[in-house]
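The chains referred to below are lettered A, B, ... by the order of the sequence lines, with proteins before strands, and numbering in each begins at 1.
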Amino acid sequence: GQQVMQIPQYQHVQEGEDFTTYCNSSTTLSNIQWYKQRPGGHPVFLIQLVKSGEVKKQKRLTFQFGEAKKNSSLHITATQTTDVGTYFCAGTGTASKLTFGTGTRLQVTL
Amino acid sequence: EPEVTQTPSHQVTQMGQEVILRCVPISNHLYFYWYRQILGQKVEFLVSFYNNEISEKSEIFDDQFSVERPDGSNFTLKIRSTKLEDSAMYFCASRTGQQSMRAFFGQGTRLTVV
């Protein structure tokens with residue numbers, strides 16, 4: 001079945017440093033979404049990417065969808081303590097379900 | 001913003017008992033999902049439901065599990081004869097069914113099997 005891996009599993013940064021998480025799917029995706037889950041919380045939608053090579057920005061967050069539609073990345077510029085949480089990519093293939101990636105837990109300290 | 005609501009927030013049950021987890025999806029949404037997250041792990045797909053029937057299910061979703069939409073607003077997950085390894089956070093999600101695949105997640109039900 002479809003597998004979606006993310007690296008790194010965990011990253012600890014100082015506030016103000018940049019952070020990137022990478023997402024790789026075993027199969028081509030029709031679209032990819034990113035979610036953030038705060039500790040003890042539920043996944044919250046951040047963005048959806050549909051087109052090959054698409055890049056979208058939300059303030060300090062930059063999302064990319066690979067040309068082959070099998071990988072994606074999320075980059076956070078100048079992290080803040082409010083960025084703490086686990087970031088999941090989630091892909092859709094031909095079916096309706098979302099397959100979540102393994103997640104990257106981000107810790108930010110002052 | 002509209003919300004998916006789940007009840008209860010926490011359920012403790014004895015091994016072998018049946019539990020029903022309840023969800024009220026967003027009212028105009030057409031696709032409904034159950035996901036499971038074991039503590040510290042990824043969010044795992046269990047089942048999707050569309051047009052009053054299961055549209056897809058994972059290998060986790062065996063005969064022990066069932067879903068229902070009994071009255072047009074609630075969406076339930078029943079787990080028969082619970083096992084210790086069923087302890088997890090269970091999330092309900094829904095989406096509109098139009099172009100966006102954006103899923104709205106409920107706050108989750110933490111199931112503890114003892």
Side-chain angles (χ1 to χ4, degrees), chain A residues 1-10 21 23-51 54 56 58 63 65 69 72 85-107, chain B residues 1-7 9-10 21 23 25-26 29-51 53-61 67 88-111:
Chain A
Q2 182 181 55
Q3 292 188 23
V4 182
M5 304 295 292
Q6 284 180 252
I7 54 169
Q9 279 189 316
Y10 172 72
T21 171
C23 171
N24 288 284
S25 171
S26 59
T27 58
T28 303
L29 301 169
S30 59
N31 68 75
I32 194 142
Q33 300 177 37
W34 284 90
Y35 290 80
K36 178 182 177 181
Q37 185 178 30
R38 292 183 187 276
H42 60 284
V44 175
F45 176 85
L46 294 175
I47 209 156
Q48 175 176 278
L49 303 168
V50 179
K51 298 176 188 171
E54 189 170 11
K56 285 189 177 179
Q58 283 180 353
F63 304 84
F65 199 9
K69 300 184 79 171
S72 181
T86 301
Y87 293 84
F88 290 99
C89 62
T92 306
T94 53
S96 65
K97 71 176 185 181
L98 277 176
T99 299
F100 276 74
T102 47
T104 296
R105 186 160 69 93
L106 173 64
Q107 183 63 259
Chain B
E1 187 167 81
E3 282 188 345
V4 174
T5 56
Q6 289 186 244
T7 54
S9 56
H10 191 186
L21 310 184
C23 169
I26 295 169
H29 284 191
L30 301 177
Y31 286 84
F32 314 112
Y33 302 87
W34 283 102
Y35 285 84
R36 176 180 88 173
Q37 186 176 35
I38 294 169
L39 188 63
Q41 298 187 22
K42 71 172 185 176
V43 180
E44 298 177 289
F45 169 79
L46 292 178
V47 66
S48 59
F49 193 86
Y50 170 72
N51 203 23
E53 60 183 20
I54 291 173
S55 50
E56 194 167 358
K57 59 184 180 179
S58 72
E59 58 276 7
I60 302 169
F61 194 89
V67 289
M89 183 72 91
Y90 287 80
F91 291 109
C92 173
S94 68
R95 67 177 179 93
T96 60
Q98 293 161 6
Q99 192 119 14
S100 171
M101 294 291 292
R102 173 181 178 175
F104 291 76
F105 281 78
Q107 304 280 349
T109 293
R110 178 166 298 287
L111 176 66

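Between B/Phe105 and A/Phe100, a ring centre-to-centre spacing shorter than 6.0 Å is recorded. Between B/Tyr31 and B/Tyr50, the gap from one ring centroid to the other is short of 6.0 Å.
The 12-atom threshold is not exceeded at CD of A/Gln3, counting heavy atoms of other residues, nucleotides or ligands nearer than 6.0 Å. Within a 6.0 Å sphere centred on NZ of B/Lys57, heavy atoms belonging to other residues, nucleotides or ligands number 12 at most.
In terms of heavy-atom pairs under 4.5 angstrom with chain B, the leader among A/Phe45, A/Tyr35, A/Phe88 is A/Phe45. No other option in B/Gln37, B/Met89, B/Glu59 has as many heavy-atom pairs under 4.5 Å with chain A as B/Gln37. Counting heavy-atom pairs under 4.5 Å between each of B/Ser58, B/Ala93, B/Gly106 and chain A puts B/Gly106 at the top.
A side-chain donor-acceptor contact under 3.5 Å links A/Trp34 and A/Ser72.
Residue A/Gln37 touches chain B through its side chain alone, counting heavy-atom pairs closer than 4.5 Å.
Interface residues of residues 38-48 of chain B toward chain A, defined by a heavy-atom distance below 4.5 Å and sorted by number: B/Gln41, B/Lys42, B/Val43, B/Phe45, B/Ser48.
Of all non-hydrogen atoms in B/Phe104 and B/Pro2, the two that sit nearest each other are CD2-O, 4.2 Å.
In this structure, A/Thr102 contributes its side chain and A/Gln6 its backbone to a donor-acceptor pair below 3.5 Å.
In this structure, B/Arg110 has no salt bridge (charged side-chain N to carboxylate O under 4.0 Å, His left out) partners at least two apart in sequence or on a different chain.
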